[in-house]
> 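Have a look at the structure that comes next, please.
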Amino acid sequence: MTQRGPAEFTSPPECPVFEPSWEEFADPFAFINKIRPIAEKTGICKVRPPPDWQPPFACDVDRLHFTPRIQRLNELEAQTRVKLNFLDQIAKFWELQGCTLKIPHVERKILDLYQLNRLVAEEGGFDLVCRERRWTKIAMTMGFAPGKAVGSHLRAHYERVLYPYHLFHSGTNLLVSLTYRLNASDQYITHFDALMNRKFKRAAFMRNTNFTLTVNFDQFNVDLYVCLMCGTGNDEDRLLLCDGCDDSYHTFCLIPPLSDVPKGDWRCPKCLAQECSKPQEAFGFEQACRDYSLKSFGEMADSFKSDYFNMPVHMVPTELVEKEFWRLVGTIEEDVTVEYGADIASKEFGSGFPIKGGKFKVAPHDEKYLQCGWNLNNMAMMTPSVLTHVTADICGMTLPWLYVGMCFSSFCWHIEDHWSYSINYLHWGEPKTWYGAPGFAAEQLEAVMKKLAPELFESQPDLLHQLVTIMNPNTLMAHGVPIYRTNQCAGEFVITFPRSYHSGFNQGFNFAEAVNFCTVDWMPLGRQCVEHYRLLNRYCVFSHDEMVCNMAMKADRLDVVLASAVQKDMRLMIKEERELRDKVRKMGVVQCELFKYDLLADDERQCVKCRTTCYLSALTCPCRPGVQVCLHHAHDLCSCPVSNYTLNYRFTLDDLYPMMNAVRQRAESYDEWAARVTEVMEAKLDKKRNVNVFRALLEESDEKSFPENDLLRQLRLVTQDAEKCSSVAQQLLNGKRYRTGGGNSPNQLTVEEMRSFVRQLYNLPCSLTQAPLLKELLNSIEDFQQHSEKLLSDEVSADSVSEIESLLEEGSQFDVFLPELPLLRERLEQTRWLAGVQQAEDPVSNPCGLSLDCMRRLIDRGVGLTPHPSTERTMARLQELLTISEEMEEKAQALLKARPPESLETLSSMLTQVDGVPAYLPNCLLLQDTVNRAKEWLQEAEDLQVGGQTPVLSSLSDMVLRAHAIPVRLEPLDQLEVLVSEVQAWKESAAKTFLIKNSPFTLLEVLCPRWEVGSSLKKKMRKVKGECVSSGKKKLVKLDSMSDVERALSDSKDSASAVRLKEQESLCLLRAANESKLLPTADCAALKVCVCQKPPMGAMLQCELCRDAFHSVCVRGPSDPLDPEDWLCPLCLRSTKPSLAKIQTLLSSLQRIRVRLPEGDALRYMIERTGSWQRRARGVIDSYDHSLTSQDCRGASPTQSHRTTGHKRKVRHYITDCLSLELEELMVEGLLLQVSVPETQQLYRHLLSGPPTTNTSHTEHTPYLTPEHSSPQREVRKFKFITSLCLPLCPLQRDAITSAEKKAKRRMNREETEIRDRGIKPKSKKQRMGTEKQRERKEASVSASDVSQSEDSEEDMTQCPCIDRVYWVQCDCCNRWFHMICVGVSAELAAEEDYMCVTCIPSPGSPGR
């Protein structure tokens, strides 16, 4: 570690900066008086004028020439200058002894010889330090690290360089002792190469030749030169001859001894003492040799700054310049020299401000600056300034001085002359940095500087008045001196206050102007300054007494405040003058003489002792003409008798008293007012007056135009404070008081501020009525605080919510900032949170328990709460519960989502862990529900196996679906799935067996009866349906959907019969409706048939089941039209109609599966129905065949048939008709069956062959064709029928059409039981019918009877044989169409011969041809 260097400079705090408004700026002295209470605490302040205040620069730049001062920066600082002076003395000491000095280095740093010398002296001297081995301590004090033998180096350097100088100053080297000897080899001094001080470099001369003078008087054997120390002339080559006095000394006899003969001039100890004892010259700035203009100086200044910092001048930061300045000031290694154009008289070159009558021509808009008070030419001599009463022009005080600065040029620590104010304005240029100390710290600053640099003040006691010494502000601040700083920019003022020390430096090239001024408040300080100057023997710039007397002689025109100040000052002045004159009179001075000292120049009337300017009196002596002394130094005039002295006086005491009385009378009214003001402002306790008294005093001051002074300002301030306090107190009492903080929102007063405010109310010089009321309010607030603190110190409880709320309500009524309120709000949040937790955990209010969301919400709310042990414990418990609950939820969710599912035992074991968790866990509840459902399902599966009943497919499917929804591994599920899959496979097999490709029907719809047949005709047939009754039996089961059919088939046989009856009834209605719409009508285009719902056209097909007509192009017809097979439409052909054997095989396979399903019930019912139908069909076929056989027998025995009576013939015809009807009914039911059975085709062939006929001549109609001939003929007619639907009706049917339509519209609600028992009731009914009625029915229209076949009564069953097929023949004359059966024409005859109707035959004839 090396020796510590100077610490980096730390900027002092900033001084106040004021920015007056235009109104404040109008009167400079009023504004300065206003800011004085603030600014005088820092000694300096800065004033920024309004932005528009920009005076023109009026100085004559061309005429301005000046010679600047030279400033060497390291000579400015006091401590640095002391070090340099010490080094100069050391260098001079060794130079006079013929040696050159080279300052040694330690640890690669120049050794501070001054500090080393001072520390050794403080430790007791060289001998004591060596004896007690304190060199290491000294090295550490100087900043060197221990353990590097630095102490021994310091000792060697001190012994070689400083110790001889110390011996010289102590006078040891002047002692003469002939017995003193020293071995030259033991003691020596090292010669150094030179490092001389500047002024000694200029004064020194070096000799490079050796001087040796040897005189040999061998013949006399006498020594010409002898050593004055030892008295011998031996060793002449070691004798030194002094270049000053020619005395001789041996080199080894000197103290300390020299090892060799010096090469330069050498002085003996006596000459050395004479040279070094000469006094030093007083330090001061040298004047530069060059004369500068403003332009040339600016070029030099800018060049210096830019070169020094290696950057443009405007880019150098002020902080960098400041730190570099103080570094340069404090170092001795670097030598920087600058120049400063200071104290340039504005009277010679012109001020920077415009003045009246000056050479600078002012523009009209700038004329306002001529009379402006801030114009420094006007300020010193304005009326409020005391200096207006100084008669002489004082350059620098009453006349401004100009300052042209450059970078680092400085002005040292000083106070203004007579401790006056000063104001400095920077016209333009770079900133000027200022440092200032307040006036009350002036003596402290002087003491610190004298302590740190005593050597300077020993030679120059008034050093601080020379403006040549500076000291680092950090050093002063370290010793307790308050220092403030500011940067004065162009266009800104800096004001220094009385006795405020200030200094600073320039940041670069600039131009400033300064002047002094004095106000009334300065008067006491001005007299004190004169006394201080007398002690320092410093001259005065002007006579203070003369100025006071000049003001007293103008008492009638003085301002009352100034008059009062002058009266006080005169009282002190007269008192002192009377005492001094009495003292002089007692000394024996008897001669007095009036003398007008104001006629003399100031330098001609100075006291010869203290240099004070004499005015009131002085002592003179004839022995010293033109010399006088003040009465304080009467003994210092001369040695003549006192009786020779003459007392010169300007005024007698009798003259002074009237002058003082005149001033007193001028200030009397003001003094009386001031006394009353002082009285009311100094009143104590109960003697305080009301604020109205203060207002009255203010009004009086306004009426009498008392000037603005401290007392009036204080009165006004106190009154304003009292009024403001009264208003604030009233607002506080009313609950509306706020103070404005840093932001826009108002901030309430704190309790401490209110307490301070109450103290302020009681400390006011006046009394306020609100004070006791506010005190009572403060007591209530303090009680609230105590209660709140007690509550806040207690444990947090959920039961304290109401108490906290009441406290908060009470505290909100106090319009003060209570720190307890936010704490109470926090505590309220804590208690509410705890109450919320308790409520959430309460089983009564929350039976489900804490949910995870509720816990998270509570925890989130709790996170934002202020930490407290109670809430932290509850938070920890909630966090633990939440962690456990989330873990349980995750486990439950994992178990529920596990693939493959877990066993029931695993889930049950998980539930045992959840039982102890007091929380609402949805997944765990779902897990519980899953376990319960799994147990119920297993129980249901067990019951299904144990019950012994055949399970239903829907139940099995439902169980499988429910089992899939249960995330538990269920053992019986696989068996049920296999069983269901077998059933599904059976259903697929049945579907393949029954369903047609792309069939719109399901398997169940195909297997079940057609419940939906005729459903669209419900509204149309509602009336007919209402007429149908059940003939004493229960009504049919209501069937509205497939589920009803399914349920009916699975319930009982009766419900199944009801389904069959419903099917037959619906089909009957559909057949009747379809046949009725095929009747020829007037508007055939409105008829809608076929799947396309269009009118009939072209070749048409008729369904044997639903009797509806279809276009041959819309549907697929039979493959062989001549093959007598029934044809069904796409709507009636619902299945492939497999054989009964296949169906029975399906049923057997279903029975092996042992599962009940609707399709199985429907299939079983279909098989049963098919078997029942087959039995009935065989019986009818057998009866029909028997009837044909009987007819054949009768044809073989015609004799027998002719013998048959008419009654028997009627019975036979009736039986035949009944058989045909039953065949057709069976045929329809057979077509409804979705099974292929041979009986269906047999019935169809029988129906095509027609009913059996008898060979009787009584038959009115043409007999039916034989089966062999009729079958193909009917098949041909079958395909020709629909082609003539749109033609006119047969004329033979026109008369019967009305009755036929009526019959077609009637509806019979005949039950199936009546159809099956046709041979019973209908038979008895037919027996009652007569032969005539039967004949009439036979003669009825064939088509109408055919269409209404399913709707007419039993009596209408015997009709025209065209009920199945209608064939037409066309008349070749009139082209009208006729039924072939009606006109008795066969198909062969119609094809071979022409036909003519009865209307076209000329005469009546047979209808046949």
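Being a predicted model, the structure only gives us computed values, none of them experimental.
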> Strictly below 4.0 Å, N to O, side chains only: are R527 and D545 in salt-bridge contact?
yes
> Do the side chains of R499 and E416 get close enough for a salt bridge, i.e. N-O under 4.0 angstrom?
no
> Can you measure from CG (L619) to NE2 (H633) and round to the nearest 0.5 angstrom?
12.0 Å
> Is the side chain of W374 donor-acceptor paired with the backbone N or O of Y369 at a distance under 3.5 Å, no angle test?
no
> Got L445 and V448 here, is their nearest side-chain heavy-atom distance under 4.5 Å?
no
> Give a yes or no on whether the ring-centroid distance for Y597 and Y615 is below 6.0 angstrom.
no
> For a 4.5 angstrom cut-off between non-hydrogen side-chain atoms, does F595 reach R650?
no
> Roughly how far, to the nearest 0.5 Å, is CH2 of W413 from OG of S503?
3.5 Å
> What distance separates R716 CZ from L697 CG, expressed to the nearest 0.5 Å?
12.0 Å
> Does the side chain of E668 reach to within under 4.5 Å of the side chain of E672, using non-hydrogen atoms?
no
> Go through the side-chain N and O atoms of E577 and Y649 and say whether any donor and acceptor fall under 3.5 Å apart.
no
> Any side-chain to backbone donor/acceptor pair from E492 onto K46? Under 3.5 Å, distance only.
no
> Using atom types as modelled and distance alone, determine if a side-chain donor or acceptor of T42 lies under 3.5 Å from a backbone N or O of A39.
yes
> Quick one: CD on E40 to OG1 on T496, what's the gap to the nearest 0.5 Å?
12.5 Å
> Quick one, I574 with M659, criterion side chain to side chain contact (heavy atoms under 4.5 Å, CB included). Give me CA distance, side-chain angles, the key distance, then yes/no.
CA-CA 11 Å; I574 294 174; M659 294 170 59; over 6 Å; no
> So is R538 actually on top of Y533's ring, under 6.0 Å and inside 45° of the axis?
yes
> Checking T519 against D521: is there a side-chain donor and acceptor pair closer than 3.5 Å?
yes
> Taking only residues two or more places apart in sequence, or in another chain, which ones meet E604 in a side chain to side chain donor-acceptor pair (under 3.5 Å)?
none
> I need the minimum non-hydrogen distance between R581 and F651, along with the two atoms involved.
NH2-O, 2.7 Å
> Below 4.0 angstrom, N of the basic side chain to O of the carboxylate: do R69 and D343 qualify?
yes
> Between N644 and C640 (side chain of the first, backbone of the second, donor and acceptor by atom type, cut-off under 3.5 Å), is there such a pair?
no
> Between F497 and W522, does the ring centre distance come in under 6.0 Å?
no
> Decide side chain to side chain contact (heavy atoms under 4.5 Å, CB included) for I423 and V494; before the verdict, give the C-alpha distance in whole Å, the side-chain angles of both, and the deciding distance to 0.1 Å.
CA-CA 6 Å; I423 182 169; V494 170; over 6 Å; no
> Taking M382's backbone N and O only, do any of them form a donor-acceptor pair with S385's side chain (distance below 3.5 Å, no angle check)?
no
> Evaluate side chain to side chain contact (heavy atoms under 4.5 Å, CB included) for I495 paired with I44, printing each intermediate quantity in order.
CA-CA 6 Å; I495 300 175; I44 63 172; over 6 Å; no
> Could you check whether atom CD of Q591 has more than 12 heavy atoms from other residues, nucleotides or ligands sitting under 6.0 Å from it?
yes
> Looking only at heavy atoms, which two atoms of M523 and V566 are closest? And how far apart?
CE-CG2, 4.2 Å
> Are any side-chain N or O atoms of D636 and backbone N or O atoms of V608, one a donor and one an acceptor, separated by less than 3.5 Å?
no
> Is R585 paired with D582 through a side-chain N to carboxylate O contact shorter than 4.0 Å?
yes
> Distance-only, no hydrogens or angles: does the T486 side chain make a donor-acceptor pair with backbone N or O of Q488 under 3.5 Å?
no
> If you look at every heavy atom in P438 and S500, which pair is closest and at what distance?
C-OG, 4.0 Å
> Spell out, as yes or no, whether a donor-acceptor pair under 3.5 Å connects the side chain of N550 to the backbone of E546.
yes
> List the atom of R713, the atom of N33, and the distance in Å for their closest heavy-atom pair.
NH1-CB, 3.2 Å
> Can you name the one residue among L711, L717, T719 that meets side-chain contact (heavy atoms from CB on, under 4.5 Å) with L715?
T719
> Minimum heavy-atom separation for A722 and L764, please, with both atom names.
CA-CD1, 4.0 Å
> Could you report the tightest heavy-atom contact between L399 and V515, atom names first, then the distance?
C-CG2, 4.0 Å
> Tell me if the centroids of the rings in H418 and H544 come within less than 6.0 Å of each other.
no
> Are there more than 12 heavy atoms of other residues, nucleotides or ligands under 6.0 Å from atom OH of Y657?
yes
> Taking atom CD1 of I32 and atom CZ of F18, what is their separation to the nearest 0.5 Å?
11.0 Å
> Is the W53 ring parallel, tilted or perpendicular to the F493 ring (thresholds 30°, 60°)?
tilted
> Are any non-hydrogen side-chain atoms of Q528 and E531 less than 4.5 angstrom apart?
no
> Considering only heavy atoms from C-beta outward, does the side chain of F29 approach that of M379 to under 4.5 Å?
yes
> So which of Y435, Y403, W434 actually passes ring-ring contact (aromatic ring centres under 6.0 Å, His included) with F411?
W434
> Rounded to the nearest 0.5 Å, what separates atom OG in S422 from atom CG in N516?
6.0 Å
> Any salt bridge between K356 and E367, counting N to O under 4.0 Å?
no
> Side-chain contact, heavy-atom cut-off 4.5 Å: F542 with D417?
no
> Mind checking whether P400 and F353 have side chains closer than 4.5 Å, heavy atoms only?
no
> If you measure from the Lys or Arg side-chain nitrogens to the Asp or Glu carboxylate oxygens, is any gap between K583 and E579 under 4.0 Å?
no
> Assess whether a salt bridge exists between R676 and E679, defined as any Lys/Arg side-chain N lying under 4.0 Å from an Asp/Glu carboxylate O.
no
> May I ask you to decide if C630's main-chain N or O and H632's side chain share a donor-acceptor pair within less than 3.5 Å?
no
> If you count heavy atoms of other groups shown closer than 6.0 angstrom to CZ of R534, is the number above 12?
yes
> For S351 and E513, test the side chains for any donor-to-acceptor distance below 3.5 angstrom and give the result as yes or no.
yes
> Quick check: do S617 and L647 have side-chain heavy atoms less than 4.5 Å from each other?
yes
> With a sphere of 6.0 Å drawn around NZ of K688, does it hold more than 12 non-hydrogen atoms of other residues, nucleotides or ligands?
yes
> Report the C-alpha separation of C766 and R689 in whole Å, then their side-chain angles, then the decisive distance to 0.1 Å, and conclude whether the side chain to side chain contact (heavy atoms under 4.5 Å, CB included) test is met.
CA-CA 5 Å; C766 59; R689 309 294 295 275; 5.8 Å; no
> Has the side chain of N378 got a donor or acceptor atom that lies under 3.5 Å from a matching backbone atom of G373?
no
